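A short worksheet on the structure shown next.
Heads up: numbering here begins at 1 and tracks the sequence. All figures in this text were calculated on a predicted structure; none of them were measured in a lab.
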Amino acid sequence: MNKFAYLFSLCLFLSTLFLSGQAGSFSFALITDTHIGSGSADEDLRRTVEDINDIDSVVFVIVAGDVTEFGSDAELLLAKKILDRLEKPWYIIPGNHDTKWSESGANSFRIVFGDEAFVFNHGGWLFIGTNSGPNMRMGPGQIPRENIVWLDSVLSIPANRAMKIISVNHYPLDNGLNNWYELTDRLKQLDTRLALCGHGHSNSVLNFEGIPALMGRSNLRANHPQGGYNIMTIVGDTLLTASVRHPGTGEETEAATGHSAVTMPVWASVRLERHDFSADTTRWPRPDYSMNERYSQVREVWRLQEEADIGAGTLVTGKLALITTTAGEVKAISLRNGREKWSFPTGAKIYGTPVSDGKRVIAVSADGMARSLTLERGKLLWSYDTKQPVVASPVISGERLFIAGSSGHCHALDITSGSVLWTNGDIDGFVETIPLIYKEMLIFGTWNNRLYALDIATGTIRWVWNTGYSNRMLSPAACVPVAVGDRLFVVAPDRKMACLDVNTGELLWHSDLGGATVRESMGLSEDRSLVLAKTMDGRVIGVSASGNSPEIIWKSDFNIGYDIAPGVITERDGIIFIPSDKGIVHAASRENGKLLWSHRISSCLINNIVPLKGNNLIVNSMDGIVVRLGW
């Protein structure tokens with residue numbers, strides 16, 4: 001910074017301090033990207049908390065997401081313990097690290113911190129904080145459907161609509177969020193004067209469709225001796241200034257290192273003016289639904305919009321489609337017309353696809369409670385507490401139900417009574433996937449770079465494959481494994497496909513398939529000759545399921561664009577159905593790889609696609625939409 005710029009910033013900062021004593025002026029702290037569980041994160045946050053307590057002018061604190069590194073219960077509880085030392089009111093929202101890799105599907109975030117959104121009034125300003133996702137499944141961020149419903153209820157209050165508004169979300173309000181426009185469109189109907197975010201780990205001045213915005217730096221010290229946060233000062237109703245505050249490193253070290261607490265010059269000032277958003281004639285980008293007109297042979301037979309996210313696949317059995325929601329509901333829907341037949345509340349988020357034996361349906365909620373309900377009416381038959389968070393889907397083999405949890409335990413229950421047949425407590429890492437039952441084994445990956453095969457009769461471990469990575473975010477945990485003959489296949493965020501001997505767990509090959517950039521979405525062709533996988537650059541490939549080395553023998557001849565959704569690829573009657581992270585179902589010809597049609601039901605991630613008899617399918621998306629398509 002040159003001398004003139006430094007003096008200007010200093011003068012602006014001093015004038016702000018002077019004006020902050022005037023009526024309607026106040027300061028608050030913005031802390032973001034604390035990443036508790038990584039490196040020095042907990043010490044950095046302790047320093048920040050102690051520093052804020054010493055600053056009388058800071059009247060409240062906003063913690064804007066990525067509170068933890070992996071969203072684990074231990075990390076959440078440690079963060080809460082540190083933040084509870086704040087002697088000022090504080091408000092918190094989750095970020096992608098708290099929700100995507102959470103062993104409880106962020107259910108524990110809500111329990112530990114009381115909620116995943118906030119609204120409060122200070123000095124005539126309404127501060128509104130919303131969750132950013134992505135919620136359990138990898139993809140772009142997404143404001144949960146229940147947050148949007150909640151926001152509408154908040155903004156339906158006339159007094160709230162009349163206030164000056166500051167929005168807070170961990171993500172920038174752009175297409176990094178699948179449904180950013182659902183928030184910005186609402187904000188632009190009101191007197192919104194500022195948006196705050198984190199995620200980028202650095203200070204930045206932004207603008208979201210005419211809404212002035214600031215991104216705050218990470219609280220982490222990174223390669224510096226001190227971390228840092230931002231002090232935001234609102235002067236009257238017209239000006240906000242932002243300054244980085246570096247907490248001291250502690251009394252014992254400050255004398256030796258000279259790293260005492262310091263407030264840096266103002267790095268940003270924003271005019272908090274009332275904006276006439278209705279006068280803006282700019283055509284801001286919105287999701288493109290024109291494909292639905294282009295492929296008009298595809299029609300929506302019926303559509304259902306839930307008031308919460310759907311974080312798992314749809315189960316079709318008989319004349320019913322069964323769904324679960326992150327509001328904790330299990331619902332049965334008529335396949336014919338989409339009308340609700342019954343609903344059962346569980347009280348906790350659900351991220352596992354339910355299972356059924358034709359008589360009963362079993363769902364497991366994120367708090368670890370398994371419940372068996374009558375298929376016809378949804379009446380409770382039995383329940384079992386696994387005493388651990390569960391986000392994986394239960395699976396059935398014969399009269400046995402299998403539940404792989406998030407705290408190292410896998411259970412086998414009698415499907416009729418719910419009594420325990422066996423428990424294995426030696427699983428390393430939490431389970432997210434739909435386990436595969438094959439050759440009398442229960443096979444699943446975990447978020448600690450492990451792939452397990454358990455004997456379904458006894459629960460003993462047949463074999464374990466360790467990927468060898470130290471970074472757990474490269475684990476083969478989100479994909480649904482497939483097996484053919486004596487071969488087992490998985491894909492992972494390391495952008496490779498692995499082929500193992502299913503009987504022994506011996507690694508046969510582990511390949512990047514010539515740079516194909518596979519990730520977590522895969523499936524099996526109808527004739528079981530191809531292992532299908534979606535690449536991150538938007539193509540689908542078919543790898544030989546019988547070759548002695550990795551061989552791509554089929555490719556789609558179209559590109560759906562960058563996509564990282566982990567949904568299962570399915571084939572039925574020569575049509576390959578491809579889910580996307582942007583609410584689009586693509587149908588490709590198995591014969592020649594050509595695109596047959598695409599249909600968009602939403603802007604948010606597709607969970608699963610269930611082909612039905614005839615030219616019909618059921619599909620749902622993360623933002624609570626269920627659709628029956630016909631063509």
Side-chain angles (χ1 to χ4, degrees), residues 24 26 28 30 60 62-65 89-95 110 113-133 135 141-198 206-214 232 234 237-238 240 270 272-280 282 284 286-287 305-309 325-327 602-604 622-625:
F26 59 91
F28 63 93
L30 176 69
F60 62 84
I62 290 175
V63 185
W90 54 278
Y91 308 91
I92 192 167
I93 52 173
R110 189 172 58 180
F113 293 110
D115 210 332
E116 60 183 20
F118 64 72
V119 61
F120 67 94
N121 172 357
H122 186 91
W125 293 83
L126 189 69
F127 290 78
I128 302 173
T130 48
N131 183 357
S132 69
N135 308 292
Q142 180 217 320
I143 303 166
R145 174 66 184 166
E146 52 264 46
N147 270 206
I148 298 296
V149 172
W150 166 82
L151 180 61
D152 285 341
S153 70
V154 168
L155 298 180
S156 69
I157 300 171
N160 288 344
R161 294 184 63 83
M163 296 182 71
K164 304 181 293 289
I165 290 174
I166 294 179
S167 169
V168 187
N169 191 283
H170 180 64
Y171 271 38
L173 302 186
D174 57 24
N175 61 7
L177 286 165
N178 266 339
N179 60 344
W180 81 97
Y181 57 92
E182 293 206 66
L183 180 54
T184 55
D185 285 355
R186 286 166 169 81
L187 293 175
K188 289 193 293 183
Q189 295 175 24
L190 305 165
D191 186 12
T192 301
R193 305 204 180 186
L194 183 69
L196 298 173
C197 67
L206 304 168
N207 189 286
F208 305 135
E209 300 185 8
I211 302 173
L214 296 179
M232 305 279 182
I234 290 180
D237 63 355
T238 60
L240 177 137
V270 180
L272 299 178
E273 300 171 322
R274 187 181 185 98
H275 301 274
D276 184 5
F277 296 110
S278 63
D280 184 0
T282 306
W284 298 105
R286 290 293 182 267
Q305 172 69 75
E306 290 293 318
E307 293 196 345
D309 276 4
T325 76
T326 55
S602 167
S603 63
C604 298
M622 182 66 81
D623 56 339
I625 293 174

**Interatomic distance, Asp174 atom CG to Trp284 atom CH2 [nearest 0.5 angstrom]** = 11.5 Å
**Prompt:** Is there a side-chain contact between Asn131 and Ile143 (heavy atoms, below 4.5 Å)?
**Reply:** no
**Asked** Are Arg286 and Asp185 ion-paired here, with the side-chain N under 4.0 Å from a carboxylate O?
**Response** yes
**Message:** Please tell me whether Phe127 and His122 form a close aromatic pair, meaning their ring centres lie under 6.0 Å apart.
**Reply:** no
**Presence of salt bridge, Glu307 and Arg145, under 4.0 angstrom** = no
**Message:** Please find the pair of heavy atoms, one from Ile625 and one from Ser602, that lie closest to each other, and give the distance.
**Reply:** CD1-CB, 3.9 Å
**Message:** Does this structure show an ion pair linking Asp152 with Arg186, if we count only N-O contacts that are shorter than 4.0 Å?
**Reply:** yes
**Prompt:** Just how far is it from atom CD1 of Ile128 to atom CD1 of Ile165, taken to the nearest 0.5 Å?
**Reply:** 4.5 Å
**Prompt:** Looking at CG of Asn121 and CG of Asn160, how far apart are the two atoms once the value is rounded to the nearest 0.5 Å?
**Reply:** 8.0 Å
**Request:** Identify the two heavy atoms, one from Pro287 and one from Trp180, that lie closest to each other, and give their separation to 0.1 Å.
**Result:** CD-CH2, 4.2 Å
**Message:** Could you tell me if the side chain of Leu177 sits less than 4.5 Å from the side chain of Ser132, heavy atoms only?
**Reply:** yes
**Fill in**
Interatomic distance, CD1@Ile166 vs CG@Leu214, rounded to 0.5 Å, equals 9.5 Å
